[in-house]
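For reference, the structure discussed in these notes is given below.
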Amino acid sequence: MLDIQLLRTQISFVAERLATRGVTLDTAVFEALEAERKQLQTQTQDLQARRNTLSKQVGILKGKGEDASAILTEVAGLGDALKAGEAALAELMPRFDFFLAGIPNLPHESVPVGKDETGNVEVLRWGTPKTIANPQDHVDLGVALGGLDFETAVKIAGSRFAVMKGPIARLHRALAQFMLDMHTDKHGYTEVHVPYLVNKDSMFGTGQLPKFEEDLFRVPHGEDGHLYLIPTAEVPVTNIVRGEIVDAATLPLKFVAHTPCFRSEAGSYGRDTRGMIRQHQFDKVELVQMVHPEQSWQALEELTGHAEAVLQALELPYRKMALCSGDMGFSAAKTYDLDVWLPAQNAYREISSCSNFEAFQARRMQARFRNEKNKTELLHTINGSGLAVGRTLVAVLENYQNADGSITVPAVLRPWMGGLTTISAA
RNA sequence: GGAGAGGUGGCAGAGUGGUCGAAUGUACCUGACUCGAAAUCAGGCGUAGGUGCAAGCCUACCGUGGGUUCGAAUCCCACCCUCUCCGCCA
């Protein structure tokens with residue numbers, strides 16, 4: 001959520017910045033809502049103030065045993081106007097809030113301007129793709145090794161799910177454990193295990209709601225309520241600080257969590273239908289930081305580096321992209337994507353996305369700290385994948401394939417693989 | 001799922017219809033004393049919003065949402081959550 005003061009005082013600036021995202025801010029609608037709000041709110045508050053004073057006088061008079069009927073008559077006359085004002089406000093404010101909650105974050109000034117992914121800018125490229133003659137993709141490799149089974153997954157659940165078996169299932173687990181251990185041991189993150197089902201307030205806090213409900217899985221729960229399956233650990237982990245006032249001395253807070261992620265993938269029916277690239281359920285190791293506002297830009301660079309460290313340790317070639325204004329997510333002020341090399345696709349594909357949200361999420365969830373002047377101030381939040389486990393498995397299978405269809409286990413993963421060096425057909 | 005207890009400021013904890021946004025303690029901030037600290041003393045100290053150049057003034061908030069009333073932390077209804085015991089359960 002943007003700072004309402006910014007909208008009130010610099011709406012043309014806000015509209016200009018949003019335009020670089022391809023978003024048109026309807027300033028006329030905002031100004032109309034704001035004018036109506038101001039009128040109704042001041043008028044209603046004046047009436048409430050009058051009622052409160054009169055009611056106090058009633059109390060005083062009755063305490064003295066005097067007659068209060070004149071005042072009671074006057075206050076009774078306030079009733080209808082007050083009720084009307086309160087009702088009008090109650091009707092207006094949800095509309096106003098919905099309008100505000102639907103405005104995306106402003107891109108940081110360093111974000112390249114562009115309208116879609118073609119406008120993204122390559123920041124660096126690491127590693128050199130190995131020359132692999134006639135590379136097979138992860139589906140052919142995994143199925144031939146008996147470790148990937150999409151047909152059984154369809155029977156059990158449907159399309160966009162996978163069943164993993166044997167050493168490939170273990171490799172998947174090894175990747176997650178390797179990542180968790182690296183981030184906790186070397187990068188100073190605290191491991192957290194969090195709920196996979198969350199409430200509406202949590203989804204609102206990180207920005208999935210109210211605009212992107214169709215991307216989520218919803219689970220009925222209780223009388224007529226429901227919970228949502230998390231689309232990323234960002235949601236439960238960031239919401240750890242929702243409604244909290246943390247001590248500045250504890251900053252930065254750095255959390256890492258390994259969770260499954262659930263996405264309905266509505267609106268992407270034709271894309272990446274083969275294999276494990278785009279699933280309804282996938283595992284991800286997520287990095288989340290809550291930091292002092294002055295530290296957030298440095299923290300974004302560091303956090304992105306932590307994700308890169310995983311790719312480097314696995315010796316997977318990748319490139320780092322600065323997303324352009326038109327390709328960034330709703331809540332982000334700036335995003336770096338890390339794209340890993342996939343030989344069979346002869347292309348780089350997204351494996352991590354690291355963003356600084358500045359105070360956008362913190363404002364939605366009132367996540368604050370007490371600053372040097374003992375005043376509360378909004379935190380900045382940063383998060384990124386470190387990494388998407390399913391896609392990392394895909395990258396390892398494809399980049400470490402041998403001519404005979406076997407897979408060499410990357411050296412750094414062997415401690416989690418019982419020392420296994422090669423995955424071959426049984 | 002059943003029975004009971006309870007949800008009040010950063011924390012603890014009073015308050016059962018009328019200057020109660022809320023006693024008191026504690027934490028924290030400022031000042032005094034001190035070489036410094038501790039202890040002590042004095043003052044300050046919730047959140048969100050509105051309005052004003054400002055000092056300030058005003059509104060809302062005592063788990064959430066309704067209701068009763070001139071007036072609700074306090075009374076009524078519904079719901080949510082926490083704790084204890086019982087049941088069930090990985």
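So you know, we letter chains A, B, ... as the sequences are listed, proteins then strands, and number each from 1. The figures here come from the full heavy-atom set of this structure, side chains too, leaving out hydrogens, waters and symmetry mates.
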Gap between atoms [atom1] and [atom2], on [X] and [N] respectively (whole Å):
{"X": "A/F96", "N": "B/A48", "atom1": "CZ", "atom2": "C1'", "result": "15 Å"}
{"X": "A/D46", "N": "B/G52", "atom1": "CG", "atom2": "P", "result": "12 Å"}
{"X": "A/L378", "N": "B/U47", "atom1": "CG", "atom2": "P", "result": "13 Å"}
{"X": "A/Q366", "N": "B/U47", "atom1": "CD", "atom2": "C1'", "result": "9 Å"}
{"X": "A/K38", "N": "B/G49", "atom1": "NZ", "atom2": "P", "result": "15 Å"}
{"X": "A/M93", "N": "B/U59", "atom1": "CE", "atom2": "P", "result": "18 Å"}
{"X": "A/L40", "N": "B/A60", "atom1": "CG", "atom2": "C1'", "result": "16 Å"}
{"X": "A/Q41", "N": "B/G49", "atom1": "CD", "atom2": "P", "result": "11 Å"}

I'd like the [atom1] distance from [M] over to [N], given in whole Å.
{"N": "B/U16", "M": "B/A55", "atom1": "C1'", "value": "39 Å"}
{"N": "B/C70", "M": "B/U19", "atom1": "C1'", "value": "15 Å"}
{"N": "B/U74", "M": "B/G67", "atom1": "P", "value": "14 Å"}
{"N": "B/C79", "M": "B/C88", "atom1": "C1'", "value": "25 Å"}
{"N": "B/A5", "M": "B/U24", "atom1": "P", "value": "31 Å"}
{"N": "B/A72", "M": "B/C61", "atom1": "P", "value": "9 Å"}
{"N": "B/U47", "M": "B/A22", "atom1": "P", "value": "14 Å"}
{"N": "B/G52", "M": "B/U69", "atom1": "P", "value": "36 Å"}

Give the ring-plane orientation class for A/H187 versus A/Y189, where under 30° counts as parallel, over 60° as perpendicular and anything between as tilted.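 Geometry flag for A/Y189 against A/H187: perpendicular rings.
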Which word best sums up how the rings of A/F262 and A/F217 line up, parallel for under 30°, tilted for 30 to 60°, or perpendicular for over 60°?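 Judged by the thresholds at 30° and 60°, the geometry between A/F262 and A/F217 is perpendicular.
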Ignoring hydrogens and angles, state whether a donor on the side chain of A/Y228 or A/E213 is under 3.5 Å from an acceptor on the partner side chain.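 A donor-acceptor contact under 3.5 Å links the two side chains.
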Under 3.5 Å, is there a donor-acceptor pair linking the side chains of A/S110 and A/K334?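 Per modelled atom types, A/S110 and A/K334 side chains form a pair under 3.5 Å.
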Donor-acceptor contacts under 3.5 Å from residues 160-169 of chain A side chains, at least two apart:
{"unit_1": "A/R160", "atom_1": "NH1", "unit_2": "A/R271", "atom_2": "O", "d": "3.4"}
{"unit_1": "A/R160", "atom_1": "NH1", "unit_2": "A/D272", "atom_2": "O", "d": "3.4"}
{"unit_1": "A/R160", "atom_1": "NH1", "unit_2": "A/R278", "atom_2": "O", "d": "3.1"}
{"unit_1": "A/R160", "atom_1": "NH2", "unit_2": "A/S268", "atom_2": "O", "d": "2.8"}
{"unit_1": "A/R160", "atom_1": "NH2", "unit_2": "A/Y269", "atom_2": "O", "d": "3.4"}
{"unit_1": "A/R160", "atom_1": "NH2", "unit_2": "A/R271", "atom_2": "O", "d": "3.2"}

Backbone N or O of [Y] within a donor-acceptor pair of the [X] side chain at under 3.5 Å?
{"X": "A/S385", "Y": "A/S353", "answer": "yes"}
{"X": "A/R391", "Y": "A/E350", "answer": "yes"}
{"X": "A/E398", "Y": "A/H138", "answer": "yes"}

Which residue lies more 5' along RNA chain B, comparing A/Q48 with A/T42 via nearest heavy atoms: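 Whichever sits nearer the 5' end wins; that is A/T42.
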For A/H258, what residues pass the side chain to side chain donor-acceptor pair (under 3.5 Å) criterion, not counting sequence neighbours?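 So A/H258 forms a side chain to side chain donor-acceptor pair (under 3.5 Å) with A/D283.
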Paired stems touching RNA chain B, three or more consecutive Watson-Crick or G-U pairs with both distances under 3.5 Å?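 Result, WC/G-U stems under 3.5 Å: B:1-7 with B:80-86, B:10-12 with B:24-26, B:28-32 with B:40-44, B:46-51 with B:56-61, B:63-67 with B:75-79.
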Using a 4.0 Å heavy-atom cut-off, does [X] contact any base of the nucleic acid, only the sugar-phosphate backbone, or nothing at all?
{"X": "A/E86", "value": "nothing"}
{"X": "A/R363", "value": "nothing"}
{"X": "A/R37", "value": "sugar-phosphate"}

Tell me which nucleotide among B/U19, B/U47, B/C58 gets nearest to the side chain of A/I60.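 That would be B/U19.
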Can you list every salt bridge (Lys or Arg N to Asp or Glu O under 4.0 Å) pair that touches residues 34-52 of chain A, not counting sequence neighbours?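 For residues 34-52 of chain A, and leaving out neighbouring residues, the salt bridge (Lys or Arg N to Asp or Glu O under 4.0 Å) pairs sorted by first residue read A/R8-A/E34, A/E34-A/R37, A/E36-A/R95, A/R50-A/E74.
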Nucleotide N/O of nucleotides 65-71 of chain B paired with protein N/O under 3.5 Å:
{"unit_1": "B/C70", "atom_1": "O2'", "unit_2": "A/S55", "atom_2": "OG", "d": "2.9"}
{"unit_1": "B/G71", "atom_1": "O4'", "unit_2": "A/S55", "atom_2": "OG", "d": "3.2"}

Could I get the full list of side-chain contact (heavy atoms from CB on, under 4.5 Å) partners for A/V219, not counting sequence neighbours?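 Residues passing side-chain contact (heavy atoms from CB on, under 4.5 Å) with A/V219: A/L197, A/L229.
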